[in-house]
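Comments concern the structure below.
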Amino acid sequence: MRPPDFNARVCELVSRIPRGKVTTYGIIAEKAGARSSARMVGWILSAADTSLVPAHRVVNRFGALSGKHHFPTPESMRMMLKTEGVTFLEDGTVSLERHLWRFEEGQD
DNA sequence: TCCTTGACTCAGT
DNA sequence: CACTGAGCCAAGG
């Protein structure tokens, strides 16, 4: 099921991710009301204005920066995250244990 | 108009 | 543990 305002909900949820945190496509899809539409989240973000939506805070379920190629340079996504205080593992993925935002309360 | 291609993920084999 | 199929559905060739 995908509510008609799925697109808007996705943008709002992404905008709600605090600095230094990241979340996954699946979590956003679920919170936006469409558990199995994770791919749509990526499509929406690719069409969204990255200057208005912090799309760099969205990674895949492994913490890999699967969307880096949609930024000015492949390195800019990682650079922006690093600037916000996000730490990376040796394999170049985000440490989800430390930075995953689940849209729950009391995480700050 | 049909076919392919994705910023994905999970269940089944 | 690796691989596959399916669900999801917008865009572009």
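A note on names: the letters A, B, ... follow the listed sequences, proteins ahead of strands, and every chain is numbered from 1.
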In this structure, how many angstroms lie between the [atom2] atom of [N] and the [atom1] atom of [X], rounded?
X	N	atom1	atom2	answer
I28(A)	dT9(B)	CD1	P	10 Å
R39(A)	dA6(C)	CZ	P	14 Å
I44(A)	dA10(C)	CD1	C1'	10 Å
L13(A)	dC8(B)	CG	P	18 Å
N7(A)	dA7(B)	CG	C1'	14 Å
M40(A)	dC8(B)	CE	P	10 Å
Y25(A)	dC8(B)	OH	P	6 Å

- Query: Does any non-hydrogen side-chain atom of V14(A) lie less than 4.5 Å from one of P54(A)?
  - Reply: yes
- Message: Regarding A55(A), tell me which of base, sugar-phosphate or nothing describes its non-hydrogen contacts under 4.0 Å with the strands shown.
- Response: base
- So which nucleotide from dA11(C), dC9(C), dT9(B) ends up closest to the side chain of W43(A)?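 Of all the options, the side chain of W43(A) is nearest to dA11(C).
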- Has R61(A) got its NZ or CZ under 6.0 Å from the middle of the six-membered ring of Y25(A), at an angle within 45 degrees of the ring axis? no
Which whole number of Å gives the distance between the [atom1] atom of [N] and that of [M]?
N	M	atom1	result
dC8(C)	dT1(B)	P	23 Å
dA2(C)	dA7(B)	P	23 Å
dC8(B)	dC1(C)	P	24 Å

- Task: State plainly whether the residues E84(A) and R57(A) are in salt-bridge range, i.e. N to O under 4.0 Å.
- Result: yes
- Query: For the hydrophobic clusters of this structure (ILVMFWY residues joined by side-chain heavy atoms under 4.5 Å, transitively), does one cluster hold both V53(A) and F103(A)?
  - Reply: yes
- Item | Taking every non-hydrogen atom, the tightest pair across H99(A) and G20(A) |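 The answer is ND1-O, 3.1 Å.
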- Query: By a strict heavy-atom criterion of less than 4.0 Å, which residues belonging to residues 59-81 of chain A are in contact with DNA chain B?
  - Reply: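 Here the set is N60(A), R61(A), S66(A), G67(A), H70(A), F71(A).
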- Please check if any side-chain donor atom of T23(A) sits under 3.5 Å from a side-chain acceptor atom of R102(A), or the reverse.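 No - no donor-acceptor pair under 3.5 Å links their side chains.
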- Message: Donor-acceptor pair, distance only, cut-off 3.5 Å: does the side chain of H56(A) make one with the backbone of L81(A)?
- Response: no
